[in-house]
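Just below is one structure, and these are the notes that go with it.
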Amino acid sequence: MKTIETPMPGRKVVSREQWLEARKAHLAKEKELTRLRDELSRQRRELPWVKVEKNYVFDGPNGKETLADLFDGRSQLIVYHFMFGPGWEEGCPSCSFLCDHIDGASSICTRGT
Amino acid sequence: MGWRFKWVSSFANHFNFDCHVSFTKDEMAKGQVYYNYAMTEFGSEEAGGVSVFYKDETGDIFHTYSSYARGLDMLHGAYNYLDLVPKGRDEDGLTFTMARVRHHDRYSNGDVDPKAPYSPPKGSICSHGPVEDHA
C-alpha cells in the first residue's frame, strides 16, 4: 500500500501491518512509562511525614468540623484546595474542571480514603 | 454544580496558608509568593493544589504529600482521554493552557472561544491565567 498524507502535517496513512509495527514500538515506551510511574508512586508513598500540630477547624454543611472529622472514620484524607477566595462570587473554572472528576473516583472510600 | 463530594471552608483558619495555596496581602504586595515549592510571581490570592493526610489509630494526623500546578495533571481524567486523540490537548496558541475550560454548566454545544482572554472568577482579583500555567 502506498503511503499517503493525512490532513495533519507529519501524519501518514499506512497499511495495517505498518501501523501495527509502529504501534508496538510505541507500546514498549508506554510500558516503560507505566513501570516508571509505578516506581515513582512507590517512592512517593515512602516520603517522610510531618505531624500536624494545629487544630484546624473548618466550616461545612454539618457546621464546625476539625481536620480529624474530615477523615470520616477513615485513615487517609485527600484535600483539593479549591480557589474560592473571600468575596469571590464564583469559584475558579479550572478548579471546577478538576473537581468534575472527583465524584467518579468515589470508590476510593472503600480503600480507607 | 451537582457535585457530591464534601466541601468545607477554610476561611476561619490558616489551613490554606499553611498548605501554600492562599497568600496574604503582604505576600501579594511583595510581588512573589511561595507556591509549588519555590518563590514565584503569582497574580492571585488563591492557588490550586492537593494535599494528603494520614490519621493513625491514636488520632494523630500527619501531612504526607502536597502537589500543585502541573503536578495535578493526573487528577484531570479529561486530559487522559485527550492524550489519546490525534489533536491531543490542542493548547498551542492559546492565551493560557486551560483557555477551553469552563464551569461544566457553561459549555454551549461543546463550543467555547479558546482565544478569549482569561475571565477571572467574579469578585476575585486574579490578574492572569490559572495556576496550571505555572508548571
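Numbers restart at 1 for each chain; the letters A, B, ... are given by sequence-line order, proteins then strands.
In this structure, B:Trp7 and A:Phe82 have side chains that are in contact, with non-hydrogen atoms separated by less than 4.5 Å. No side-chain heavy atom of A:Tyr56 sits under 4.5 Å from any side-chain heavy atom of B:Ser10. Under the 4.5 Å side-chain criterion, counting only non-hydrogen atoms from C-beta, A:Leu70 is not in contact with B:Phe53.
Note on B:Tyr34: it clusters hydrophobically with B:Tyr68, by side-chain heavy-atom contacts below 4.5 Å among ILVMFWY residues. A single hydrophobic cluster is seen to contain both B:Met28 and B:Met39, as judged by linkage of ILVMFWY side chains at heavy-atom distances under 4.5 Å, directly or through other members. No chain of hydrophobic side-chain contacts below 4.5 Å, direct or via other Ile, Leu, Val, Met, Phe, Trp or Tyr residues, connects B:Val50 to A:Leu77. B:Tyr65 and B:Phe62 fall into different hydrophobic clusters, defined by Ile, Leu, Val, Met, Phe, Trp and Tyr side-chain heavy atoms under 4.5 Å apart, directly or through other members. Linking Ile, Leu, Val, Met, Phe, Trp and Tyr residues whenever their side-chain heavy atoms come within less than 4.5 Å places B:Phe5 and B:Met1 in a single cluster.
Listed for the A:Asp103 side chain is a donor-acceptor partner under 3.5 Å among the backbone atoms of B:Arg4. B:His104 places no side-chain N or O within 3.5 Å of a backbone atom of A:Ser96 that could act as its donor or acceptor partner. Judged by distance alone, with hydrogens and angles left aside, the side-chain atoms of A:Glu90 form no donor-acceptor pair with the main-chain N or O of B:Pro121 at under 3.5 Å. A donor-acceptor contact shorter than 3.5 Å is absent between the side chain of A:His81 and the backbone of B:Gly49.
With values rounded to the nearest 0.5 angstrom, A:Asp100 atom CG is found 13.0 Å from B:Leu75 atom CG. The CH2 atom of A:Trp88 lies 5.5 Å from the CD atom of B:Glu45; values are rounded to the nearest 0.5 Å. Here the OH atom belonging to B:Tyr79 is positioned 9.0 Å from the NE2 atom belonging to A:His101, to the nearest 0.5 angstrom.
For B:Phe15, the parts lying near chain A are the backbone and the side chain together; criterion is any non-hydrogen pair under 4.5 Å. With a threshold of 4.5 angstrom between heavy atoms, B:Val21 approaches chain A through side-chain atoms but not through N, CA, C or O. Residue contact with chain B, scored on non-hydrogen atoms closer than 4.5 Å, involves the backbone and the side chain of A:Leu67 alike. Contacts between B:Arg102 and chain A at a heavy-atom distance below 4.5 Å involve the backbone alone (N, CA, C, O). Both the backbone and the side chain of A:Val79 come within contact range of chain B, judged by heavy atoms closer than 4.5 Å.
Of all heavy-atom pairs spanning B:Ser44 and A:Met83, the tightest one is OG-CE, 3.9 Å. Across B:Asn13 and A:Val57, no two heavy atoms sit closer than the pair ND2-O, 2.9 Å. Residues A:Arg11 and B:Pro86 approach most closely at NH1-O, 3.3 Å, considering heavy atoms. Closest heavy-atom contact between B:Lys55 and A:Ala68: CE-O, 3.7 Å.
In B:Phe11, the CZ atom is not crowded: 12 or fewer heavy atoms of neighbouring residues, nucleotides or ligands sit closer than 6.0 Å.
Residue pairs meeting the side chain to side chain donor-acceptor pair (under 3.5 Å) criterion with at least one member in residues 59-74 of chain A, sequence neighbours excluded: A:Asp59-A:Lys64, A:Glu65-B:Lys6, A:Thr66-A:Asp69.
Between chain A and the options B:Ala12, B:Ser22, B:Ala78, the largest number of non-hydrogen pairs under 4.5 Å is found for B:Ala78.
Residues of residues 104-113 of chain A lying within less than 4.5 angstrom of chain B, judged on heavy atoms, are absent. Of all residues in residues 30-50 of chain A, those placing a non-hydrogen atom less than 4.5 angstrom from a non-hydrogen atom of chain B are A:Arg37, A:Arg44, A:Leu47, A:Pro48, A:Trp49, A:Val50.
For the side-chain contact (heavy atoms from CB on, under 4.5 Å) with B:His103, the qualifying choice from A:Cys95, A:Cys92, A:Pro93 is A:Pro93, the only one to do so.
Shown here are the side chain to side chain contact (heavy atoms under 4.5 Å, CB included) partners of B:Thr58, two or more places apart in sequence or in another chain: B:Asp56, B:Asp60.
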